[in-house]
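Notes for the one structure printed next.
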Amino acid sequence: MNIEVSEELRQAWPQFRGAAVFATVKNSPYSEELWKRIGEFTELYRQKYTIDSIKEMPAIQATRQAYKKCGKDPSRYRPSSEALCRRLLRGLSLYQIDTLVDLINLASINSGHSIGGFDRDKIQGDKLVLGIGKAGEPYEGIGRGELNIEGMPVYRDAVGGVGTPTSDNERTKISSETTHLLAIMNAYSGSEGLEEDVHYMVNLLKEFADAQDVELLYFEGNESLDCNTWTVVPLYGKYAG
């Protein structure tokens, strides 16, 4: 599979950095141990941040600025990472979906980056392109119905949009049958801390979803990268968590 960053996105936000994680996984409806971890994390998170202070987090602030640069109002269409952080800080618990989605949500809050989680087997064609949404472009957000993605960063496969920082698409969403995961961490704030944040997510995948055959791939907004030419880093040697 190839991943390309479009010229329009590179021009709008050249500091974009991303990391794609490919893995064979075992999903489950619920993980008691994961939710114990989420509970402990939530308690510490609420001691550290407020709803006002998270707006200044580099990852969230950069994603909001990228939205504005691309033509979207980040207060009307909040990036998913910000929405999840705000939910915790309003005293609400995270939505419980399934183990893969739940741990990706935890990784998103931990990093401040929006993370696209996809069933790789549902992606059409051999290429994803990160571009900017167009007026009237059809897009069914998970649990949101038709979503206006005009001016929003969007990954597209051969059929259409599959992921934005606000919501992934129903067509390629993770389900209980998902065995081949593609998770993309979108760092609009650049590369600082990205490796650590990705490895936090990978360790969650290995601990709670029995992730195997893990491949970690970094890419940048100032060039298009072919998966066949990337440096593939198995997470069992140098980068073992």
Side-chain angles (χ1 to χ4, degrees), residues 1-14 16-25 27 66 70 72 79-80 98 100-101 104 108 113-188 198 201-202 205 209 211-234:
M1 176 179 291
N2 301 334
I3 295 183
E4 298 178 3
V5 181
S6 70
E7 179 65 22
E8 62 178 354
L9 195 287
R10 292 200 298 271
Q11 290 292 327
W13 204 255
F16 170 83
R17 299 293 183 269
V21 176
F22 296 84
T24 301
V25 294
N27 203 2
C70 292
K72 205 66 171 178
S80 60
D98 59 43
L100 284 175
V101 174
I104 288 174
S108 182
H113 299 307
S114 292
I115 302 173
F118 312 103
D119 186 320
R120 188 179 178 183
D121 295 330
K122 295 177 182 177
I123 294 174
Q124 299 298 306
D126 60 358
K127 179 171 65 175
L128 287 179
V129 179
L130 177 60
I132 299 175
K134 308 302 181 184
E137 183 173 356
Y139 190 93
E140 186 179 1
I142 298 174
R144 301 172 69 103
E146 284 299 315
L147 183 66
N148 176 12
I149 65 169
E150 180 181 4
M152 191 181 293
V154 57
Y155 286 96
R156 300 182 180 96
D157 67 2
V159 175
V162 301
T164 75
T166 290
S167 175
D168 292 332
N169 197 295
E170 283 280 354
R171 176 169 59 85
T172 52
K173 72 178 182 180
I174 294 167
S175 73
S176 58
E177 288 78 35
T178 296
T179 57
H180 297 110
L181 174 71
L182 168 58
I184 302 178
M185 183 174 287
N186 299 283
Y188 288 90
V198 171
M201 178 172 67
V202 169
L205 285 166
Q212 304 290 328
D213 305 319
V214 180
E215 294 179 354
L216 172 57
L217 308 159
Y218 292 96
F219 57 100
E220 300 183 354
N222 59 5
E223 59 180 313
S224 298
L225 297 172
D226 186 320
C227 186
N228 294 323
T229 65
W230 282 345
T231 301
V232 180
V233 183

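When a residue number appears, it is its place in the shown sequence, counting from 1.
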Are [X] and [Y] close enough that some pair of their side-chain heavy atoms sits under 4.5 Å apart?
X      : Y      : answer
Val214 : Val21  : yes
Arg156 : Glu137 : yes
Leu128 : Ile184 : yes

Applying side-chain hydrogen bond (donor to acceptor under 3.5 Å, both in side chains) as the test, list every pair that has at least one member in residues 177-186; sequence neighbours left out.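 For residues 177-186: Asp119-Thr178, Asp121-His180, Tyr155-Asn186, Ser175-Glu177.
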Over all atoms of both residues, closest heavy-atom pair of [X] and [Y]:
X      : Y      : answer
Leu9   : Cys70  : CD2-SG, 4.0 Å
Ile104 : Gly117 : CD1-CA, 4.0 Å
Ala20  : Ile3   : CB-CD1, 4.4 Å
His113 : Ser108 : O-OG, 2.7 Å
Arg171 : Gly161 : NH2-O, 3.6 Å

To the nearest 0.5 Å, what is the distance between CZ on Phe219 and CZ on Arg17?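 One finds 11.0 Å between CZ of Phe219 and CZ of Arg17.
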Can you tell me how far apart CD1 (Ile174) and CG (Leu182) are? Round to the nearest 0.5 Å.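 Output value for this atom pair is 9.0 Å.
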With [X], which residues qualify under side chain to side chain contact (heavy atoms under 4.5 Å, CB included), at least two apart?
X      : value
Val129 : Glu4, Ser6, Lys127
Ser114 : Pro79, Ser80, Ser81, Pro165
Asp168 : Phe118, Ile142

Please identify each residue that fulfils side chain to side chain donor-acceptor pair (under 3.5 Å) with Gln124, with sequence neighbours left out.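 Per chain and number, Gln124 pairs via side chain to side chain donor-acceptor pair (under 3.5 Å) with no residue.
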List the atom pairs, donor and acceptor, that lie under 3.5 Å between side-chain atoms in residues 144-152 and the rest of the protein, sequence neighbours left out.
from   : atom 1 : to     : atom 2 : distance (Å)
Glu146 : OE1    : Tyr139 : N      : 3.2
Asn148 : OD1    : Glu150 : N      : 3.1

Does Asp213 reach the main-chain N or O of Thr24 with its side chain, forming a donor-acceptor pair under 3.5 Å?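 No.
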Polar side-chain atom of Arg10 near backbone of Phe16 as donor-acceptor pair, under 3.5 Å: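 Here the side-chain-to-backbone pair does not exist.
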